[in-house]
Amino acid sequence: SQIDSVSLSREVIDSRSILQNTWLGIIDTLIYPYGVHTPTIDEFVKNAGYTQARTVDNGYNTSSTDRYSLMTQSVNVDTPLSQVQAWIDYAQSNNVWLVLVFHQIDTSGSIYSSTPDTLQGIVNYIQKTGIEALPMREALGKL
């Protein structure tokens, strides 16, 4: 949140250009580093051509949620499958958008990891509920 304009431009614009021009294609969603942002940064991101940005704030999103302050639920090593299922159920019954965040999928036991089995359990549950799982770019248009 204390970043200078040169560094902000490098992080928001230059990194996007590098990613788009190398191998990832269209980049229109930003994830704020450590979730930190300010209204000035939000405006810069918007003016740079991003269509949305997500925070690390816990919550759900609706059609009125600020597109540059999207909320998430993080799935970490200590997040039980039952908790993720409860988030999914809540999103479905309240017609809100749930953004799940996975930092890494492995068996390292790191706080920011989730096991392949947990991920598979989530995928299975999503398929069972019939909820449509979409990338952020596509989900935004459905709200």
Side-chain angles (χ1 to χ4, degrees), residues 1 3 5 7-143:
S1 62
I3 195 167
S5 61
S7 297
L8 182 60
S9 179
R10 185 176 58 248
E11 293 220 7
V12 173
I13 297 173
D14 296 353
S15 63
R16 178 182 185 207
S17 179
I18 291 167
L19 291 170
Q20 286 186 146
N21 292 329
T22 54
W23 50 276
L24 290 178
I26 297 171
I27 306 291
D28 58 3
T29 300
L30 181 88
I31 301 167
Y32 297 112
Y34 303 100
V36 177
H37 62 108
T38 64
T40 300
I41 292 173
D42 293 354
E43 192 63 26
F44 188 90
V45 167
K46 184 177 183 179
N47 291 337
Y50 289 90
T51 60
Q52 58 194 324
R54 77 157 179 82
T55 67
V56 294
D57 299 333
N58 289 332
Y60 303 87
N61 303 284
T62 68
S63 59
S64 63
T65 301
D66 180 346
R67 297 298 185 253
Y68 297 91
S69 294
L70 295 172
M71 296 174 282
T72 66
Q73 298 287 359
S74 289
V75 181
N76 297 319
V77 69
D78 58 352
T79 307
L81 178 58
S82 61
Q83 177 62 66
V84 180
Q85 291 171 333
W87 293 334
I88 293 167
D89 292 343
Y90 180 88
Q92 185 174 36
S93 64
N94 291 281
N95 198 32
V96 293
W97 178 24
L98 167 63
V99 177
L100 292 175
V101 175
F102 299 89
H103 291 278
Q104 61 194 57
I105 304 297
D106 59 29
T107 57
S108 70
S110 162
I111 184 64
Y112 296 113
S113 68
S114 299
T115 66
D117 288 343
T118 298
L119 178 60
Q120 188 61 60
I122 294 167
V123 168
N124 293 345
Y125 192 72
I126 289 170
Q127 289 174 336
K128 178 181 166 187
T129 63
I131 290 178
E132 191 174 21
L134 299 169
M136 287 181 62
R137 174 186 309 122
E138 293 175 37
L140 185 64
K142 299 230 178 206
L143 284 179

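Position 1 is the first residue of the sequence; numbering continues from there.
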So, do [X] and [Y] sit near enough that their side-chain heavy atoms are less than 4.5 Å apart?
X	Y	answer
Gln73	Asn58	yes
Ile88	Tyr125	yes
Phe44	Ser9	yes
Tyr50	Val12	yes
Leu30	Tyr68	no
Ser110	Val77	no
Val99	Trp97	yes

So, taking the atom named [atom1] in [X] and the one named [atom2] in [Y], what distance separates them when rounded to the nearest 0.5 Å?
X	Y	atom1	atom2	value
Asn61	Arg54	CG	CZ	11.0 Å
Leu119	Leu81	CG	CG	10.5 Å
Asp89	Ile131	CG	CD1	7.0 Å
Asp106	Thr115	CG	OG1	9.0 Å
Leu8	Arg10	CG	CZ	10.0 Å
Ile122	Gln85	CD1	CD	8.5 Å

Polar side-chain atom of [X] near backbone of [Y] as donor-acceptor pair, under 3.5 Å:
X	Y	result
Asn94	Val96	no
Ser17	Ile13	no
Ser74	Asn76	no
Ser114	Val75	yes
Gln52	Met136	yes

Exercise: do [X] and [Y] side chains pair donor with acceptor under 3.5 Å:
X	Y	result
Asp57	Tyr32	no
Gln104	Ser113	no
Gln120	Asn124	yes

Taking all atoms of both residues into account, what is the closest heavy-atom pair of [X] and [Y], and its distance?
X	Y	result
Thr107	Pro116	CG2-CD, 4.0 Å
Thr55	His37	CG2-NE2, 3.1 Å
Pro33	Glu11	CG-OE1, 4.0 Å

Please say whether more than 12 non-hydrogen atoms of neighbouring residues, nucleotides or ligands are located less than 6.0 Å from CD1 in Ile111.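 Yes - once you tally the heavy atoms of other residues, nucleotides and ligands closer than 6.0 Å, there are more than 12.
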Where do Asp42 and Ser69 land on the side chain to side chain contact (heavy atoms under 4.5 Å, CB included) test, with the steps shown first? CA-CA 8 Å; Asp42 293 354; Ser69 294; 3.8 Å; yes
